[in-house]
Amino acid sequence: MKTVAALSSLLLLGATSVSAVPVTERQVQPPTEMDITKFSANTLPHGTGAFISFTIDIPNTSTSTTCNYSDNTSVSELPSVSMRPCTDPAVEWQFHQDPSQPGGEGQYRVVVTYAYDGAKKVAGFHEWPATDFPLENFGSTVETFYTGQPDFVIANLS
């Protein structure tokens with residue numbers, strides 16, 4: 001019985017001294033890029049509607065998510081899409097065309113944010129010239145189709 005009491009006292013003393021050791025916080029590094037694949041955007045020929053869709057993979061994390069938008073009100077031009085969550089709510093995105101400047105149409109832009117390690121967040125964007133979103137004539141209607149590269153990297157994260 002004395003052995004059990006001595007052992008219990010020793011364990012309690014050991015536990016007390018262990019709890020006094022400071023716990024170091026792990027430092028999660030922010031991602032340096034976001035890989036976008038399967039980007040597509042178009043309005044619906046001979047109808048009303050728009051579709052924007054893409055996949056985001058964030059290297060060195062387990063984050064892989066799909067982002068999409070659709071409506072049944074757009075006619076021939078892609079709409080501005082306000083900030084909205086992807087399938088994984090840690091990733092949010094928005095899409096719009098900049099205002100036109102004299103002598104040319106405004107660029108298109110997608111902005112993506114990623115929340116990591118609690119409340120920390122990074123954001124980046126990708127821009128396209130308006131020529132990557134041409135209006136195509138279908139006789140009785142004109143529609144917008146994205147004709148650029150479907151896969152690209154967003155590396156300007158801050």
Determine the minimum heavy-atom distance between [X] and [Y], stating which atoms define it.
X	Y	answer
Ile154	Leu157	CG2-CD2, 3.9 Å
Ser76	Val142	CB-O, 2.7 Å
Ala130	Gly106	CB-O, 3.7 Å
Val153	His126	O-ND1, 4.5 Å

*Working for side-chain contact (heavy atoms from CB on, under 4.5 Å), residues Gln97 and Thr144*: CA-CA 13 Å; Gln97 183 179 17; Thr144 301; over 6 Å; no

Using the rule that Ile, Leu, Val, Met, Phe, Trp and Tyr join whenever any side-chain heavy atoms are under 4.5 Å apart, tell me whether [X] and [Y] fall into a single cluster.
X	Y	result
Phe152	Leu78	yes
Val81	Val112	yes
Val122	Val28	yes
Tyr146	Phe51	no
Val111	Trp93	no

*In terms of ring plane angle, is the pair Tyr114 and Tyr116 parallel, tilted or perpendicular, where the classes change at 30° and 60°?*
parallel

_Pairwise disulfide bond (SG atoms under 2.5 Å apart) hits with a residue in residues 34-67, at least two apart_ =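 Sorted pair list: Cys67-Cys86.
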
Quick one: [atom1] on [X] to [atom2] on [Y], what's the gap to the nearest 0.5 Å?
X	Y	atom1	atom2	answer
Asn60	Gln29	CG	CD	10.5 Å
Ser62	Asp57	OG	CG	11.0 Å
Thr55	Asp35	OG1	CG	11.5 Å
Thr61	Asp88	OG1	CG	9.0 Å
Asn68	Thr87	CG	OG1	6.0 Å
Gln107	Thr131	CD	OG1	9.5 Å

Has [X] got a side-chain atom pairing as donor or acceptor with [Y]'s backbone, closer than 3.5 angstrom?
X	Y	value
Ser53	Ser40	no
Asp117	Lys120	no
Thr43	Glu143	no

*Going by the ring-ring contact (aromatic ring centres under 6.0 Å, His included) test, name the single residue among Trp128, Phe125, Phe133 that passes it with Tyr108.*
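Among Trp128, Phe125, Phe133, the one meeting ring-ring contact (aromatic ring centres under 6.0 Å, His included) with Tyr108 is Phe133.
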
*Check each of Phe39, Phe95, Tyr69 against Phe54 using the ring-ring contact (aromatic ring centres under 6.0 Å, His included) test, and report the only one that passes.*
Phe39

*Would you say Glu127 has more than 12 foreign heavy atoms packed within less than 6.0 Å of its CD?*
yes

*What do the steps show when you test Ser82 against Gln94 for side-chain contact (heavy atoms from CB on, under 4.5 Å), and what is the final call?*
CA-CA 5 Å; Ser82 59; Gln94 69 179 19; 5.6 Å; no

_Given Asn156, Ile56, Val91, the one that forms side chain to side chain contact (heavy atoms under 4.5 Å, CB included) with Met34_ =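 Option passing the side chain to side chain contact (heavy atoms under 4.5 Å, CB included) with Met34: Ile56.
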
*Can you find a side-chain donor-acceptor pair between Thr37 and Asp151 that sits under 3.5 Å?*
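Their side chains do not contain a donor-acceptor pair, so the 3.5 Å distance test is not met.
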
